[in-house]
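Everything numeric in this text was worked out from a predicted model, so none of it was measured. Letters A, B, ... mirror the listed sequences (proteins, then strands); counts begin at 1.
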Amino acid sequence: MKKGVILAALLAIGASQGFAQKLNGAGASFPYPIYSKWFSEYSQQHSGVQINYQSIGSGGGIKQVTSGVVDFGASDGPMSDAQLAESKVKLVHIPTVLGAVVPIYNLPGVSAELKFSPDVLADIYLGKLTNWSDPRIAKDNPGVKLPDTKINVVHRSDGSGTTYIFTDYLSKVSADWKNSVGKNTAVPWPLGIGAKGNEAVAGMVRQLPGTIGYVELIYALQNKIPFGYIKNSSGNWVKGSIEGVTEAAASVKEMPADYRVSITNAPGKESYPISSFTWLLIPVKAQDAEKGKVIKDFLNWMLDQGESQASSLYYAPLPKSVADKVRASISKLQ
Amino acid sequence: MPGPFDTPDPVKQTPPALPPGQEPSAIRKFLLSRGSSALADRGFRWLMIGCALSIFAIVALIATELVMRSQLTIAKFGLKFFFGTAWDPVNGDFGALPFIYGTLVSSAVALVIAVPLAVGVSIFITEMCPKFLRGPLSFLTELLAAIPSVVYGLWAIFVLVPLLREHVNPVLMKLFGWSGLFVEPNFGIGMLAAGVILSIMILPVISSLTREVMTSVPHSQREAVLALGATRWEMIRMGVLRNARIGIVGSIILGLGRALGETMAVTMVIGNRPDIVKNLLAPGYSMASVIANEFSEASDDMYLSALIEIGLALFIVTIIVNALARLLVWAVTRGAPARVN
């Protein structure tokens with residue numbers, strides 16, 4: 001009798017394990033809130049599927065997926081050609097949502113929202129423009145009385161996708177920046193102090209009068225931090241917004257087949273210029289067919305249901321043109 | 001031939017006859033009943049040797065792992081890595097000197113502040129404190145050790161840094177600006193802020209150990225000095241501090257170890273700028289901070305290798321600093337007769 005019960009229990013465990021499909025992913029921390037929401041909702045709707053995601057950073061995500069440790073990776077910056085060539089697993093980039101970076105500042109006595117043209121922003125971060133009363137800033141902000149205060153520059157000290165997007169943008173709009181600094185998740189900043197994480201950058205800017213910094217759009221929106229306008233490539237002053245970011249993604253004229261594209265300084269009248277995709281890194285051929293099926297099903301679910309939830313967490317969803325293209329790419333996965 | 005770790009085998013003895021009417025004690029009974037202990041003794045000895053050797057194994061594993069994983073930068077930069085001042089992940093040019101400098105300077109600032117404070121606290125608690133205050137005071141100092149470093153960091157950002165910027169740094173600049181150690185820019189965060197937060201973090205380590213050592217100085221020493229006509233301060237200096245100095249230096253070494261390796265709180269206030277400047281108010285960077293900051297998003301191999309070599313540099317610096325400290329202890333305590341000065 002007792003033995004029978006134990007046997008039944010063992011069988012039950014075995015059976016449930018047989019059905020359960022467990023996927024492991026790792027990578028970027030920037031899209032972690034929306035990913036964890038997606039994965040938990042998908043698991044609820046599909047019993048027996050469990051997706052674990054560790055937000056260990058893009059670098060770690062790329063390392064683990066290329067060596068086949070996890071079933072999928074995630075990154076805020078596209079992988080380089082060399083990285084793709086070295087990878088043991090053949091990967092495709094699947095864009096999921098978009099993020100953006102906004103400039104924040106603390107200038108006592110100035111209540112107007114400041115405007116920054118690209119070259120001014122670059123020169124502030126290059127240390128060429130050191131005072132708020134500089135005529136070049138005044139030219140962008142007619143009617144605003146700018147104080148004679150030294151500009152303090154704050155940047156992220158931790159390697160981050162935010163820094164990647166910001167420096168990618170500065171590299172596109174300033175040749176000086178491109179030659180002397182460049183773009184990466186961490187760069188040799190010409191000046192300024194480094195603060196760890198969005199919260200520390202925002203905290204530093206709030207505390208120190210005359211300071212400029214940059215944070216993720218999501219962070220600024222969630223915490224209701226005021227931020228400045230940027231002049232986009234069409235010459236319009238735009239303020240970071242979910243719509244402006246999606247517009248930037250939609251305005252990319254020739255979307256490459258592997259989606260590894262930078263959309264900073266994108267064309268388009270309302271495009272917000274400091275925007276970027278974030279990607280899932282999916283093996284073209286999954287380690288076992290069952291897992292591959294689940295990944296494909298999840299990606300389609302993401303396009304059908306997931307994307308519409310993005311803006312509730314302040315992420316910009318993919319524009320329809322890109323989503324349609326991604327759907328075609330998903331069907332090619334094995 | 002007995003080896004260095006051998007203990008002499010217990011000699012077989014017949015127990016001496018007990019006086020009539022007396023029972024053998026409980027311990028005696030156990031020892032008589034348990035049979036031969038030779039095997040257990042040998043087993044115990046090897047177990048302890050294993051424990052001791054595992055330390056060597058752990059250190060060796062750490063060192064080899066660090067060296068293996070930083071092959072790329074070791075091959076490319078060689079020894080220049082430890083003296084280079086560039087840190088450019090974009091072009092793959094790396095040097096560790098600004099980080100080594102930042103770690104050493106922030107730890108030194110921490111020691112300068114924490115050591116006198118910790119020794120003072122210990123003297124007060126062991127020698128002068130009214131009994132009712134002793135318990136709470138020691139409890140509070142030890143409580144400081146239990147606070148997580150991220151909490152220290154947050155507290156530093158929101159309380160300590162504004163305090164330094166508004167009230168302390170202006171005074172320092174006015175009084176000691178001539179030294180070049182305290183000059184503009186005054187951000188609040190920087191090397192000094194990191195040193196101050198570190199000093200608060202290592203204070204409980206140094207003071208609790210120092211207190212233990214000072215408590216264990218025999219009372220006869222104090223009484224003897226007092227009997228010779230010393231004042232209380234002279235008694236503490238000659239009777240207590242002199243006897244406890246090895247332990248005090250030991251506790252400082254432990255505190256220094258904590259300061260060298262501290263990551264989170266330092267990262268939050270040091271300013272994270274890889275520059276070598278004399279000015280303590282300027283932002284700096286430490287080895288532990290750069291690893292914590294950049295490791296998770298570093299994706300290319302050269303960059304990762306450079307970060308791991310920073311870990312190796314931290315390992316080497318810790319060994320050197322500890323060796324110097326031990327040398328200091330040895331120099332201070334050699335012979336060590338009780339002297340007045």
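- In this structure, chain B has a heavy atom under 4.5 Å from the backbone of A/Val181, while its side chain stays farther away.
- A donor-acceptor pair is defined here as one N or O able to donate and one able to accept, closer than 3.5 Å; no such pair exists between the side chain of B/Arg273 and the backbone of A/Gly194.
- B/Pro162 and A/Gln207 get closest at one heavy-atom pair: CG-OE1, 3.9 Å.
- With a 4.5 Å cut-off on non-hydrogen atoms, B/Leu154 does not touch chain A at all.
- Chain B forms the most heavy-atom pairs under 4.5 Å with one residue out of A/Ala200, A/Ser29, A/Gly159, A/Gly197, and that residue is A/Gly159.
- By the neighbour-count criterion of 12 heavy atoms within 6.0 Å, atom CZ of B/Phe81 is densely surrounded, having more than that number from other residues, nucleotides or ligands.
- Contact annotation for B/Val161: only side-chain heavy atoms (C-beta onward) come within less than 4.5 Å of a heavy atom of chain A.
- Within 6.0 Å of CG on B/Leu79 lie no more than 12 heavy atoms contributed by other residues, nucleotides or ligands.
- Across B/Phe187, B/Phe158, B/Trp87, the residue that shares the most heavy-atom pairs under 4.5 angstrom with chain A is B/Phe187.
- Counting all heavy atoms, side chain and backbone alike, B/Asp301 lies closest to A/Lys63 at OD1-NZ, 2.9 Å.
- Only the side chain of B/Tyr285 comes within contact range of chain A, with heavy atoms under 4.5 Å apart.
- For A/Arg260, the CZ atom is densely surrounded, since the number of other residues' heavy atoms within 6.0 Å is greater than 12.
- Counting non-hydrogen atoms of other residues, nucleotides and ligands closer than 6.0 Å to OH of A/Tyr32 gives a total of 12 or fewer.
- For A/Ile56, the part lying near chain B is the backbone, with the side chain staying farther off; criterion is any non-hydrogen pair under 4.5 Å.
- Interface residue A/Thr185: only side-chain heavy atoms are found under 4.5 Å from chain B.
- Contact of the B/Val90 side chain with the A/Lys178 side chain is not registered, since no non-hydrogen atoms from C-beta on lie closer than 4.5 Å.
- Of all the heavy atoms in A/Asn184 and B/Pro89, the pair that sits closest is ND2-O, 3.3 Å.
- Among A/Ala82, A/Gly27, A/Gly77, A/Pro190, the residue making the largest number of heavy-atom pairs under 4.5 Å with chain B is A/Pro190.
- Looking at A/Lys183, the atoms closer than 4.5 Å to chain B (heavy atoms on both sides) all sit in the backbone: N, CA, C or O.
- When heavy atoms are compared at a cutoff of 4.5 Å, A/Met204 approaches chain B solely by way of its side chain, counted from C-beta outward.
- Contacts of A/Gln83 with chain B are made by side-chain atoms alone, with heavy-atom separations under 4.5 Å and no backbone atom involved.
- Across A/Gly182, A/Gly192, A/Ser160, the residue that shares the most heavy-atom pairs under 4.5 angstrom with chain B is A/Gly192.
- Contact of A/Ala186 with chain B is made through backbone and side chain together, with heavy-atom distances under 4.5 Å.
- Dense packing is recorded around CE of B/Met302, with more than 12 heavy atoms of other residues, nucleotides or ligands lying under 6.0 Å away.
- Among pairs with a residue in residues 85-94 of chain A, none fulfils salt bridge (charged side-chain N to carboxylate O under 4.0 Å, His left out), at least two apart in sequence or across chains.
- Looking only at heavy-atom pairs under 4.5 Å with chain B, the residue among A/Leu191, A/Thr163, A/Thr167 that has the most is A/Leu191.
- Pairing each heavy atom of B/Asn293 with each of A/Ser157, the nearest pair is OD1-OG, 3.1 Å.
- For B/Ile270, no part sits under 4.5 Å from any heavy atom of chain A, backbone or side chain.
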